[in-house]
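To start, the structure itself, in structure tokens.
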Amino acid sequence: MGQEETIAILDFGSQYGQLIARRVREHQVYSELLRYDTPCAELKKKNLKGIILSGGPASVYGAQAPRCDPDIFELGVPVLGICYGMQIGCELLGAQVTTAQAREYGSTKLQLTTSDSLTAQLSGEKVVWMSHGDQVNELPNQFKSLGSTATCPFAVVQHKTRPFFGVQFHPEVTHTPCGSQIFRNFLYDICSCSGTWQMGNFIEQSCSTIRTQVDSATVICGLSGGVDSSVVAALLHKAIGDQLVCIFVDNGLLRKGERENVESTFRDHFHLNLRVVDWSERFLERLAGVTDPQQKRKIIGHEFIEAFRDESNRISDAKFLAQGTLYPDVIESGKKDGNPAANIKLHHNVGGLPEKLGFELVEPLRDLFKDEVRVLGEHLGLPEAMVWRHPFPGPGLAVRIVGEITKERLGVLRDADEIFLEEITAAGLYRTIGQGFAVLLPVRAVGVMGDDRSYENVIAIRAVETTDFMTADWVHIPYEVLGRISNRIINEVRGVNRVVYDISSKPPATIEWE
């Protein structure tokens with residue numbers, strides 16, 4: 001990212017680590033989530049304006065407690081510790097951390113006793129979100145306390161001579177209403193950030209980086225029609241124009257009109273070199289009789305690679321493959337390997353392709369979160385419906401048909417799904433729903449249509465609200481909207497006589513059915 005002003009977030013295993021990074025970026029300051037023990041030598045290479053130490057599940061006095069490089073206090077930039085981060089910072093600077101006599105979890109009242117740079121424009125009693133069983137119980141004279149709760153005497157602290165600040169609560173969660181002001185105070189008043197991180201700058205920097213990386217070579221982009229791959233394609237086209245070749249594989253498992261929409265947007269509007277590979281018959285032949293969800297995924301993944309390989313072999317001068325890897329993918333795959341900066345998780349639509357085809361990777365979105373990718377898509381002129389499209393699984397409708405996949409069953413699901421999406425859009429609900437779709441169940445139900453007995457398919461509809469897709473709750477769609485959806489599906493989709501609504505949360509259920 002060049003010389004962007006950077007806030008480094010050292011991650012001690014917090015469930016809110018990504019949320020801290022997003023909160024910083026919401027204040028137009030670039031942030032990076034790094035491993036807790038990142039050496040100061042690495043941090044010095046960045047245009048560092050400040051450091052945030054995240055929370056974490058360990059106890060600082062434990063034998064295996066994660067510890068940061070103590071020299072971070074010698075880098076000359078402010079440091080903010082959150083929960084565990086406060087405790088480790090305070091301990092390194094001479095404070096004592098012990099088990100709390102009374103643990104605090106959930107909403108808690110914080111009494112601010114002193115107004116200083118971190119708590120500027122905040123005073124009196126505030127509601128904050130706590131989640132800790134340890135706390136600072138002895139504070140050396142080099143510190144001063146800025147706030148406390150009924151059971152935590154040092155809930156907000158500041159070092160008198162070093163630019164270290166600590167909060168025992170979590171300012172990054174929405175349950176801490178004053179959290180945004182705390183971040184603003186830290187970023188602007190304490191770290192003196194200029195707040196220049198914005199998408200327009202990112203586009204120009206990214207285009208320059210892409211041109212330098214690929215030079216005059218051809219780049220292949222696996223285009224699925226989803227948000228990530230669509231934004232990658234639009235950004236690459238802006239950067240290198242006709243050097244980009246997009247491959248869209250029609251696997252026969254797409255939603256209604258999806259192939260036509262992709263062709264219209266990218267071939268007719270953006271004038272991209274788009275190659276459409278119709279592999280639908282091959283996919284359906286291989287999936288015939290298969291009902292196990294994992295087996296479906298394996299078959300689809302294998303056939304996708306074969307289709308992609310077949311078409312890419314026709315592009316003689318291609319050296320690079322573009323992927324829609326996002327920042328959370330980088331973070332999560334790094335956590336699995338013990339290093340957040342290493343090993344990128346492959347995009348579900350092109351998984352395994354780089355090593356199989358010998359391409360070098362181009363990953364222009366790897367520094368962005370999903371919401372930032374959507375903003376980027378808007379800046380690049382992609383249609384609103386594409387930018388704000390709900391997530392669609394790589395295996396497509398195959399994992400939304402429970403049981404065997406046939407052309408007939410695909411047709412039933414496509415028609416039902418289209419009606420569902422039309423109705424939630426007409427009701428103004430689409431953008432408030434994180435993910436919504438129809439599922440075709442492997443059962444038939446008895447019904448009455450006219451004077452005749454029917455024995456036909458059951459459609460389940462699913463709509464969840466979520467921000468991170470790790471947890472999700474079902475959406476309370478108004479009864480009248482549910483009624484319209486059910487009536488239309490039963491009346492308009494031949495072969496369906498019953499519609500049910502899935503009211504399961506994640507966990508214990510997953511968002512998709514398979």
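All residue numbers refer to positions in the sequence shown, counting from 1. For clarity, every value in this text was computed on a predicted model and none was experimentally measured. Hydrogens, waters and symmetry mates play no part in the numbers below; they use all other heavy atoms, side chains included.
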Test R389 against E384 for salt bridge (Lys or Arg N to Asp or Glu O under 4.0 Å), laying out the working first.
CA-CA 8 Å; R389 177 180 126 148; E384 181 181 359; over 6 Å; no

Any chance you could lay out the salt bridge (Lys or Arg N to Asp or Glu O under 4.0 Å) test for E404 and R409, step after step, and finish with the verdict?
CA-CA 8 Å; E404 185 178 3; R409 299 191 81 206; over 6 Å; no

Test side chain to side chain contact (heavy atoms under 4.5 Å, CB included) on F12 and L53 and set out the steps.
CA-CA 8 Å; F12 290 89; L53 308 179; 3.9 Å; yes

Assess the residue pair T466 and Q435 against the criterion (side chain to side chain donor-acceptor pair (under 3.5 Å)); give the C-alpha distance rounded to whole Å, side-chain angles, the decisive distance to 0.1 Å, and a yes or no.
CA-CA 8 Å; T466 179; Q435 193 167 352; over 6 Å; no

I'd like to know whether H170 forms a side chain to side chain contact (heavy atoms under 4.5 Å, CB included) with V173, so could you lay out the CA-CA distance, the side-chain angles of the two residues, the decisive distance to 0.1 Å, and finally the verdict.
CA-CA 6 Å; H170 289 275; V173 302; 4.2 Å; yes

Step by step, work out the side chain to side chain contact (heavy atoms under 4.5 Å, CB included) result for I7 and C193.
CA-CA 9 Å; I7 297 294; C193 295; 4.1 Å; yes

Determine whether F248 and L274 satisfy the following criterion, side chain to side chain contact (heavy atoms under 4.5 Å, CB included), listing intermediate values before the conclusion.
CA-CA 7 Å; F248 178 85; L274 174 64; 4.0 Å; yes

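Side chain of T6 to backbone of A8: no donor-acceptor contact under 3.5 angstrom is found. Under a 3.5 Å cut-off, the side chain of H237 and the backbone N or O of L244 do not form any donor-acceptor pair. Put simply, the side chain of S206 never gets that close to the backbone of I203: no donor and acceptor are under 3.5 Å apart. When atom types are taken as modelled, the side chain of Y30 and the backbone of V24 share no donor-acceptor pair closer than 3.5 angstrom. Side-chain atoms of S505 do not come within 3.5 Å of backbone N or O of P507 as any donor-acceptor pair. A donor-acceptor pair under 3.5 Å is absent between the side-chain atoms of E418 and the main chain of D415, judged by distance alone. For the pair S14 (side chain) and S54 (backbone), a donor-acceptor distance under 3.5 Å is absent. R498 contributes no side-chain N or O that, together with a main-chain N or O of N457, makes up a donor-acceptor pair within less than 3.5 Å. Under the 3.5 Å distance criterion, the side-chain polar atoms of D228 are left unmatched by any main-chain donor or acceptor of S230. Put simply, the side chain of S486 never gets that close to the backbone of L482: no donor and acceptor are under 3.5 Å apart.
The shortest side-chain heavy-atom distance between I220 and F308 falls under the 4.5 Å cut-off. Put simply, the side chain of C83 reaches to within 4.5 Å of the side chain of Q168, judged on heavy atoms. Taking 4.5 Å as the limit, some side-chain heavy atom of T176 sits within range of a side-chain heavy atom of F169. Within the 4.5 Å cutoff, the side chain of I459 has no heavy atoms near those of the V439 side chain. Side-chain atoms of L118 and V167, non-hydrogen and from C-beta on, do get closer than 4.5 Å to each other. Looking at V245 and C221, their side chains never come closer than 4.5 Å, going by heavy atoms from C-beta outward.
The two residues A438 and L413 have their closest heavy-atom pair at O-CD1, 3.4 Å. For the residue pair V399 and E512, the shortest heavy atom distance occurs at O-OE1, 4.4 Å.
One finds no salt bridge joining K256 and E422 here, because no Lys/Arg side-chain nitrogen approaches an Asp/Glu carboxylate oxygen to under 4.0 Å.
Sorted by first and then second residue, the salt bridge (Lys or Arg N to Asp or Glu O under 4.0 Å) pairs with a member in residues 171-187 form an empty list; sequence neighbours excluded. Within the structure, every pair that satisfies the salt bridge (Lys or Arg N to Asp or Glu O under 4.0 Å) test and touches residues 457-467, not counting sequence neighbours, is listed here: R462-D502.
Between the side chains of T149 and T108, not a single donor N or O lies within less than 3.5 Å of an accepting N or O. A side-chain donor-acceptor contact under 3.5 Å links W279 and E303. Side chain to side chain, T196 and Q28 fail the donor-acceptor criterion of an N or O pair below 3.5 Å. For the residue pair E4 and Q205, a side-chain donor N or O sits within less than 3.5 Å of a side-chain acceptor on the partner.
The number of heavy-atom neighbours closer than 6.0 Å to NZ of K238, taken from other residues, nucleotides and ligands shown, is 12 or below. Residue-environment remark: OH (Y455) stays at or below the threshold of 12 foreign heavy atoms within 6.0 Å. Residue-environment remark: CD (E125) exceeds the threshold of 12 foreign heavy atoms within 6.0 Å.
Remark: R444 pairs with no residue by the salt bridge (Lys or Arg N to Asp or Glu O under 4.0 Å) rule, at least two apart or across chains. For the side chain to side chain donor-acceptor pair (under 3.5 Å) test, residues two or more places apart in sequence or in another chain that qualify with E423 are R484, R488. Residues that satisfy the side-chain contact (heavy atoms from CB on, under 4.5 Å) test with K126, not counting sequence neighbours, are L112, L122, C178. Remark: E263 pairs with R267 by the side chain to side chain donor-acceptor pair (under 3.5 Å) rule, at least two apart or across chains.
Rounding to the nearest 0.5 angstrom, the gap separating the CG atom in L368 from the CZ atom in R374 is 13.0 Å. Taken to the nearest 0.5 Å, the OG atom of S31 stands 10.5 Å off from the CZ atom of R22. For the atom pair CG (L254) and CZ (F392), the distance works out to 6.5 Å, reported to the nearest 0.5 Å. The line from CG of L397 to CG of D417 is 6.5 Å long, rounded to the nearest 0.5 Å. Atom-to-atom distance recorded for I433:CD1 and I424:CD1 is 4.0 Å, nearest 0.5 angstrom. In this structure, the separation between CG on L441 and CH2 on W513 is 5.0 Å, given to the nearest 0.5 Å.
Only one option out of I51, I9, L10 pairs with L34 in a side-chain contact (heavy atoms from CB on, under 4.5 Å); it is L10. Shown are K46, K49, R366; of these, the salt bridge (charged side-chain N to carboxylate O under 4.0 Å, His left out) with E32 is made only by K46.
Relative to the six-membered ring of F437, R400 meets both conditions, a distance below 6.0 Å and an angle of at most 45° to the axis.
Aromatic rings from H379 and F202 are positioned such that their centres are separated by 6.0 Å or more.
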